[in-house]
Amino acid sequence: MNLQGKTALVTGSTSGIGLGIARALADQGARLIYNGLASDDEARAVHDDLEARSSQPALHWQADLSKGAVVLESLRGLPPVDILVNNAGIQYTAPIEEFPPDRWEAILAINLSAAFYTTHALLPGMNERGWGRIINLASAHGLVASVQKAAYVAAKHGLLGLTKVVALEQAGRGVTCNAICPGWVLTPLVQQQIDARAAREGISAQQAQHDLLLEKQPSGHFTTVEQLGQWALFLCSPACDNVTGTALPVDGGWTAR
Ligand code: NAD
């Protein structure tokens, strides 16, 4: 695939799935605008890596996506974006009656509202150029629920709703909007849940990882960030010109049962 001449913005791309997708897009020649809460050293390493892969200047969009509509101001200063990947996300687990309201607000802001603000701001440019790809990183938790994840499940279900509305509004205009719904992917976000489970149950991290996988993901394997990078590329390819409004599970059978 040749993405030379295209600019991609991937939110939350200093780590995990976002970084995997940013690398896959950069490998095909796209110019990358990356984003995330990273130290200067981490951001510099991501910057150099993406530039080396794409041979294009990378740009660090230093927005904190928990800040709501403030995000709109800094989006206005960015170059035109052809591929928007709404990936940034956080997790918190607790029963709803113990769920801290500030965690609810933060998860809704980062995992859902940020995708509204980026899409709202960047869609007009895609329409002017007659081509665009919007890829929302939802989750198996956009399709089914689990206990102790009220905010995350609500946000991911909401993100699928947003995906469908944008797809309908853009149908036939050269801009597609789809969601990828991963099951377990071994990233810092999931490692935290493995560590918490090991501590709670007094078991090894290895046992906790094994139990976490088998509880939900029948394949018993993690999806890799490289595989999700290939999914993002596929959605940018001509094969997907007429694919829009979909929620694509990449979940080892999680949502099949
Ligand atoms: P991760 O923790 O490795 O990466 C999250 C990224 O989001 C980081 O770059 C982080 O800096 C950024 N981020 C967090 N808060 C931010 C903020 N306020 N402003 C800007 N950036 C912020 O997590 P991940 O596992 O790679 O998750 C990426 C996405 O994939 C999330 O939306 C997550 O819900 C989704 N997802 C992950 C899994 C999984 O198993 N890992 C499964 C399904 C869906």
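One-based numbering, in listed order, for ligands and for the atoms of each. Positions are given from 1, in the same order as the sequence printed here.
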Legend entry - Considering all heavy atoms, the nearest P100-Y92 contact: CD-CE2, 3.4 Å
Legend entry - Sequence-distant partners of Y34, ring-ring contact (aromatic ring centres under 6.0 Å, His included), two or more places apart: H47, H60
Legend entry - Closest non-hydrogen atom pair, L75 against A121: CD1-CB, 3.8 Å
Inset, instruction - Using the test ring-ring contact (aromatic ring centres under 6.0 Å, His included), find all partners of F222 that sit at least two apart in sequence or belong to another chain. - result: none
Legend entry - Set of ring-ring contact (aromatic ring centres under 6.0 Å, His included) partners for W104, sequence neighbours left out: none
Legend entry - Neighbouring residues of ligand 1, heavy-atom cut-off under 4.0 Å: G12, S13, T14, S15, G16, I17, N35, G36, L37, A63, D64, L65, S66, N87, A88, G89, I90, I110, L137, A138, S139, Y152, K156, P182, G183, W184, V185, T187, P188, L189, V190
Inset, instruction - Nearest 0.5 Å please: distance from the CG atom of N87 over to the CG atom of N111. - result: 9.5 Å
